[in-house]
Each structure stands twice: as structure tokens, then as C-alpha cells.
Amino acid sequence: MSSEIRVTIDGVVHTVASGSSAGELLRQLANGVRPIAARVNGKLVDLSRPVTEDAAIEPVSAESPEGIDILRHSTAHLMAQAVQTLYPGTQVTIGPTIEDGFYYDFAPPTPFTVDDLPKIESKMRELVKADLKVQRVEMPRQEAIALFDSMREKYKVEIIQGIPEERVSLYRQGDWVDLCRGPHVPSTRYLKAFKLTSVAGAYWRGDEHNAMLSRIYGTAFPSKEALEEHLRMLELARARDHRKLGREMGLFFFDPLAPGSPFFLPKGAIIYNQLIEYMRRLYRRYGFEEVITPQIFKNQLWRTSGHWEMFRENMFLTTDGENAAGELDYGVKPMNCPSHALMYRSEKRSYRDLPLRLADFGRLHRAERSGTLHGLTRVRAMSQDDAHIFCTEDQIADEIDRNLRMVREVYDALGFGAIELKLGTMPDKHLGSVEQWRQREEVLGGAMRRNGFDFELNPGEGAFYGPKIEIYVPDALKRKWQAATIQLDFNMPERFDLEYTASAGSRARPVMIHRAVLGTLERFIGVLLEHTAGVLPFWLAPEQMRVLSLSEKVEDYAGEIARLAREAGFRASADIRNEKLGFKVREAELARIPYMAVVGEREAAARAVSLRRLRGEKSQSLSLEAFIEMLKAEPLPC
RNA sequence: GCCGAUGUAGCUCAACGGUAGAGCAACUGACUUGUAAUCAGUAGGUUGCCAGUUCGAUUCUGGCCAUCGGCUCCA
């Protein structure tokens, strides 16, 4: 073994003694850096890691993405140490970092509550002050199992038993130790800016049949300033919560008598219906035909479709009252696909009819578990911009293309920059052969690539009847919600025995594609409100223009302007109350009205308006005709 | 459904084992207004619901309902 090695730091090669730590080498040979970890030959390691071979060494700063991740992971350890110190008998499980923070799942004698957080935080600060060295220890797997077994950490034992490597690494700080791959900060004193944010229940290994653990969420940053900035951002995001905006803007409300079922007030209904009208215009261009289908079906339909088996617990069941035994022999539809299958089957179909694209804004009801409801984004009563495409297997690729183009057009038009696509692949329970699945997954993947979409795999998350494209959009707090979806279905046509006559006169089975672009309108509106902070594009704004009068003397003129705007097809009103202009402006701003037309005696005399735009700094004077023309020039997305 | 929390006037929030209060909104009046809140007055509540403890419960306890943060599920 050579006693000298060559290390490259900042592009300069140094010859040094083997065995110095990465931290020492960086301190001596790199200029003025204060790393919390190091990257040696591309691999993240502790600063204390000895370097024993030729290597390129880079510092990892607390501010770098990897550094922040290490900081958060180390803070999770710090929290676990504090928790086990304060609550003896608590077992540790896992504590990963997540976007913007970390969590750690514990098995405590009694679940934690938010009241425990300040106590834990102050114990963490004590441990930071104690400046405990964080040391890596490697040992054979069996030895680690014995160690954690002696500590009665049964979850850790289970985790290590699942690790294939023969040696595992542990990290020790003070008298506390945890299994961990690392790396970590050199000492607890590096952890200066953290906050515990919430507690939650979480199932061991994410399975609801397992024990419920007690999870504590927290976050950490390289500096107090960065932490405070993050907390400020969270505050701002909460101001954009669609539930808050819905109340403030008078769009919708909920009543405990219909849990999970929004009531859309007149203004909210405008947004809802404008989105539907937008989709209808697109349908004309993209070749969809809208249909209207029943709401309630005999259970026989759900047995045929498979919903009885797969979805019954999420269905509202009912009866027409004529059933002598009092059975719930009808089900309220949770999806439109069975109706469309019946519609397909209502006529003899030829290959010349395909693709048949049936669109449906029908109302759907799903008995979602009570704990899962969430404002407009997770509801029990909803409509989707739903459609089912019946086509031949050869037509699938074209249809996927068509729908991906539609997705792009819609999300661009509505200003969603950051949509996330995933390909849900073959689940454990599936119909069809692995080869068929791989080929069909490739059809979807190929279509996404062809249309210039990046996507990730969502392994095993396809439907049992076929793979699917899932499109996610984030809310104000970066939670992802699935909106658009495109799913291939080879099962439903089978169950309903759907057929078409092929060109050769033979019988063939069509493929069914389930797809939605906005997804559920309720959810979409929720996410859209959070994206726009309620400042909607002109065509979606519930009230597009409001005339603000300065005094009683111009009441008539104000009313006339609103009337002219309404006659031109706009949603307009006049505020002729006895209030100061500032007050009226403020209310119009809070209602997010795109245009405010201020009129006083000056404007009335000149038949003009003083135009103020929403969130506008200054006003602009223009003639009444020019103003109406300006409204008319506002674009529709299509 | 599970874990934790919350529920007081339309909204945002106080208070408390002994008759529940503010700001905004609503209503009435005055002011006649120039680009994000004019002033004054009036009215508004079985403190989510149902039990229990207590001389007395909005407050303490239990159950239920709803909501919020997560988990699971999912558009």
C-alpha cells in the first residue's frame, strides 16, 4: 500500500500522505471553504472520512442542494436523539429528508401531540450546544442486528435484516446511535436553523394494516435567515389557499350536511361553466362528441363493469324504493365509462365509426373516506372533462398524440408551467401478458417523448386493465394533485363484449381510452385559484368589469356603461353606492375584477372612463367606445 | 378509515366553572366622495350536536358530526 496519494482539489493535484481525512485535506488545500461534507471521486462522504487512494475532492457547502439535504438529515437524527432522551421507550424507525424538510417516524408509548414539539426543539438546541461529534461506525450486519436487538429497537432490526450488504454503517452522537448510510455533518453544532412543524400518524412501511407510528415533520436550513424566509413563503402560500380565496371571492362554500360536496355560488359557477365551455370549443376542434348519460344504474351494471368488485366501497348505493327487501339495488355513478360502453353497444359498430370519442361532463359521486377530503381538491361530488375513446389497437398512438396535444394546449393557455407527467406501469394485479404490457407502456412512453414531454415512471401504478399517463399539478404548498390522465383499457371492452366489424367483415374488439384534460373540474379550479392567487384570466373572471361611480350625479352614466358592456356580452356591474372611491377600488381589487372603470363628472361630460386595471398602478383615460373595444379585444384561449 | 389538532356572531379572532366581547361584514342615518378601508348608531350568539360531572358547563369528561395537518386511498 502506497503511503502517498495524489488528490485533486480545485483542479490542482497535490501529493499527500494516505489516510488524511477529506476535511483536513480541504482545510489545508482548498481556499476559504467551510464545507459540511465532501465529495470524493463523486461520492458524498463525511469530512472525517480518510482518503486512502488517488482522488478528486470537492467541498460540499451547507448551501448546496446536497449540503441542505445532509443538514436536514442530520437534523432528523438530532430530533430522534432528543425524542429518545425525552421519551424513554420510544423506538425509532425511519427519518428521511423530503422536499423542504424532513420527518422521522417513531413508535412512542403514546402518540406525540403538537404540544410536544417545543420541548423537543429545546432539547435539540441543548444537544447542539453540547457540540456532540457525529461519528461513523461500520460493523458487520449481524453485529448491528445484535446491537439494536439489545436496545429493543425492533423496527431497526427489521430494517437491517432487509439490507443485503454484509457491513452496515451507524452514526453515533454522544451516547445515541442510529443506523444510517450518511453522510452527516461533523458535529451537532453545525445545526443552527431548524423548526419542527407538525405531527402526524403514519403507517409502518406505508401499509395501513401495520402499526400506526407517530411522525414529526420539521425543516432545517443553512441559516436562520433562510429558515425565516421559508416560513414567510409558507405564510404567503397559505394566503393563496383556495378554500380561503373561495370564501373571500364568494365562489363556493361547504356545508356539513353535504361533506366533501362543494356548493358553487353564482360567481364560482361562472368559472366552472367557462371551463366547460372552453373544453367544448376544444372538443369541436379535436373531434369529440358530447353526450349526456344517466346518474343512477342498477347494480348489474357495476357487476359487469367490475366496479362492484373494485370500487364498491367508494360508491354511494341507493334504491328506487320499489325493492321489497329494502336492498340497495342501485348505485350512483362514480365514473362515466360504463355509460359510454353501453352507448357504444347500443348500435352495431363498424371500423368506419372508429375512433368514436364520447365526452361527458356528467356528475360523479364517490364515497371518499372521510379523512381524505380536502377543499375542492378532494371531493365526493364532481364533474370531469371526461371522455372515452373507442378505437382499434392501430389507432391508439394517434389518439394518445391527439390528447397530449390537447393537454399541452390547455396547460399552456392556462399558464401552468410546471406540469409533471408520469407513466403508471404494470401493477401486480393485472390483466394481459407482460409482453403486452411492455408494448403498451411503450406506446404511451413513445407518445410522450414524441410530443416533447419529459416523464417519470410510476412503477406498478397503472390500472389493472392498462397503463396510464398521469399529469400532476402542484398547489400553493407544492402538494401534487393529479389532474389530467390518459389510460388504456383492454378490460372494459371485454366485459361489455364490445365489438366492431372490421374491413374484412370479421368481428374485432375495440380498445377503450379513458382520458381527461382538466381532470376533475372541482380539483382543477382549486389548483388554478392557488396558482393565480385568484387573479384569473379575463375570460374566466366571474366579474370582468365594474364601473365605480364617484357621486350620485354620475349614477346614470355608470349604469349605462355597465349596461353597454353587458349588451356586448361581458359580465359587468356598476357600483353606485354612497362610498368613497378608495373604498370601491379596494373592494374591486379584493374581488379580483380585471377592469375598473372609474367615472366622475369629468368622464360623464366627455363620455369617457378612467380605466384602472386589477393590480394596476395608474389609471388611463379613454373614450367609452375605446373601452368597450378594449374588452372585446380580450382573447379567449380558443 | 387511522394518528394529531380545531370548532365562540356571516368572516377573522378574544374571554371564562358564575348573565359571552372586539374588528370587519349586515342594517339605519349623516357625509357627495378622484384610484386599496368616511363617521356615528342599531341589530346580530341555546359558544358544532348529544350525553355526563357540577348548585351552576360555553369552559371539565365522554360520544358523535364537520373541518385542518398528515397516513392510507385517489381525479
Side-chain angles (χ1 to χ4, degrees), chain A residues 103 105 108 110-117 197-217 238 241 243-244 247-248 250 253-260 311 313-314 334-335 364 366-379 382-386 461 468 470-473 477 479 481-485 487 514-516 518-524 526-527 548-555 577-591 596-603 610-620:
Chain A
Y103 67 79
D105 284 348
T110 53
F112 298 120
T113 77
V114 278
D115 297 334
D116 295 315
L117 299 185
T197 49
S198 62
V199 295
Y203 300 105
W204 168 234
R205 293 195 188 276
D207 185 333
E208 66 175 321
H209 303 293
N210 288 340
M212 176 150 285
L213 305 171
S214 198
R215 174 175 297 180
I216 301 179
Y217 283 91
R238 274 189 265 277
D241 188 314
R243 293 165 294 198
K244 188 169 149 70
R247 208 172 26 245
E248 289 171 359
F253 71 95
F254 288 88
D255 189 285
L257 293 175
F311 211 74
E313 61 187 24
N314 284 312
M335 299 180 190
L364 308 175
R366 297 181 187 174
E368 298 293 346
R369 292 158 97 177
S370 56
T372 64
L373 302 176
H374 184 100
L376 287 184
T377 45
R378 189 72 190 274
V379 293
M382 72 208 88
S383 293
Q384 302 177 324
D385 63 327
D386 197 12
E461 292 301 312
K468 60 181 175 187
E470 302 163 337
I471 294 164
Y472 293 86
V473 289
L477 289 171
R479 294 174 292 208
W481 297 93
Q482 189 184 322
T485 180
Q487 309 184 8
H514 307 244
R515 51 103 278 171
L518 301 175
T520 296
L521 287 158
E522 282 75 2
R523 172 175 290 181
F524 190 84
V527 174
L548 311 181
S549 64
L550 270 156
S551 73
E552 281 176 3
K553 298 187 188 100
V554 293
E555 247 182 59
R577 293 173 303 171
N578 263 352
E579 297 290 351
K580 292 202 165 183
L581 181 61
F583 181 80
K584 295 184 182 184
V585 166
R586 178 180 156 78
E587 291 209 334
E589 285 280 341
L590 290 175
M596 286 159 249
V598 176
V599 294
E601 291 181 75
R602 269 205 311 270
E603 286 77 13
S610 169
L611 178 68
R612 181 193 164 106
R613 286 169 198 268
L614 179 57
R615 309 279 150 99
E617 295 290 299
K618 48 188 175 201
S619 55
Q620 164 192 10

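Only a predicted model underlies this, so the values are computations on that prediction, with no experimental measurement involved. Within every chain, numbering begins at 1; the chains are lettered A, B, ... in the order of the sequence lines, protein sequences first and strands thereafter.
- Of the C1' atoms belonging to B/A26 and B/C65, the separation is 29 Å, rounded to the nearest Å.
- Between A/N578 atom CG and B/U28 atom P there is a gap of 12 Å when expressed in whole angstrom units.
- One can place NZ of A/K580 at 10 Å from P of B/U33, the figure rounded to the nearest angstrom.
- B/U42 sits 26 Å from B/U58 when the C1' atoms are compared, rounded to a whole Å.
- A/E587 has its CD atom 13 Å from the P atom of B/A36, to the nearest Å.
- In this structure, A/S214 reaches neither bases nor backbone, as no heavy-atom distance under 4.0 Å exists between it and the strands shown.
- At least one side-chain heavy atom of A/M382 sits less than 4.5 Å from a side-chain heavy atom of A/R366.
- Using modelled atom types and a 3.5 Å distance limit, the side chains of A/Q487 and A/T485 yield a donor-acceptor pair.
- Distance check on atom C1': B/C50 versus B/C74 gives 34 Å, rounded to whole Å.
- At whole-Å resolution of the value, CZ in A/F583 and P in B/G34 are 15 Å apart.
- Comparing B/U47 with B/A15, their C1' atoms are spaced 11 Å from each other, to the whole Å.
- Going from atom CG of A/L611 over to atom C1' of B/U35 covers 11 Å, rounded to whole Å.
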Identify the pairs formed between an N or O of the protein and an N or O of nucleotides 6-12 of chain B at a distance under 3.5 Å, and give each distance.
from  : atom 1 : to     : atom 2 : distance (Å)
B/C11 : O3'    : A/R247 : NE     : 3.4
B/U12 : OP1    : A/R247 : NH2    : 3.0

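- On the P atoms, B/G63 is 23 Å away from B/G17, given to the nearest whole Å.
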How does protein contact run along nucleotides 63-75 of chain B, one letter per nucleotide 5' to 3', with B for base contact, S for sugar-phosphate only, - for none, heavy atoms under 4.0 Å?
---SSSBBBBBBB
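- Annotation: of the two residues near RNA chain B, A/V114 and A/E617, the 5′-most nearest-nucleotide partner is A/V114.
- With a 4.5 Å cut-off on side-chain heavy atoms, A/W481 and A/I471 do not count as touching.
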Side chain to side chain contact (heavy atoms under 4.5 Å, CB included) for A/E368 and A/N314? Distances and angles first, verdict last.
CA-CA 6 Å; A/E368 298 293 346; A/N314 284 312; 4.3 Å; yes
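- Aromatic ring centres of A/W204 and A/H209: separated by at least 6.0 Å.
- Taking atom CG of residue A/N210 and atom C1' of nucleotide B/C3, one finds them 15 Å apart after rounding to whole Å.
- For B/U19 and B/U46, the C1' atoms lie 13 Å apart once the distance is rounded to whole Å.
- Residue A/E579 is classed as a base contact, given a heavy-atom separation below 4.0 Å to a base.
- Rounding to whole angstrom units, CG of residue A/D105 and P of B/G4 are separated by 15 Å.
- Separating the CZ atom of A/R602 from the P atom of B/U33 is a distance of 13 Å, rounded to the nearest angstrom.
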Could you go through the side chain to side chain contact (heavy atoms under 4.5 Å, CB included) check for A/L548 and A/V599 one step at a time?
CA-CA 6 Å; A/L548 311 181; A/V599 294; over 6 Å; no
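- The residues A/R205 and A/D207 are annotated as not salt-bridged, no charged nitrogen and carboxylate oxygen being separated by less than 4.0 angstrom.
- B/C55 and B/U12 have their C1' atoms separated by 37 Å, given to the nearest Å.
- Side chain of A/E208 to backbone of A/Y203: no donor-acceptor contact under 3.5 angstrom is found.
- Residue-level contact check: A/E555 touches neither bases nor backbone, having no heavy atom under 4.0 Å from any strand.
- Among the protein residues, A/F112 comes within range of the sugar-phosphate backbone only, with heavy atoms under 4.0 Å from sugar or phosphate atoms but none that close to a base.
- The pair A/R577-A/E587 counts as a salt bridge, with a side-chain nitrogen and a carboxylate oxygen less than 4.0 angstrom apart.
- The closest side-chain heavy-atom distance from A/N578 to A/E552 is below 4.5 Å.
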Nucleotide-level pairing of RNA chain B, given in dot-bracket where Watson-Crick and G-U pairs need both distances under 3.5 Å and | marks other strands
(((((((..((((....[..)))).(((((.......))))).....(((((..]....))))))))))))....
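- As rounded to the nearest Å, B/C16 and B/C60 have P atoms that lie 11 Å from one another.
- A salt bridge does not link A/E589 with A/K584: none of the charged nitrogens is closer than 4.0 Å to a carboxylate oxygen.
- Looking only at side-chain heavy atoms (C-beta outward), A/L611 and A/M596 stay at 4.5 Å or farther from each other.
- Nearer the 5' end of RNA chain B, as judged by each residue's closest nucleotide, is the contact made by A/P111, out of A/P111 and A/Q620.
- Annotation for A/L581 and A/L550: closest pair CB-CD2, 3.9 Å, computed over non-hydrogen atoms.
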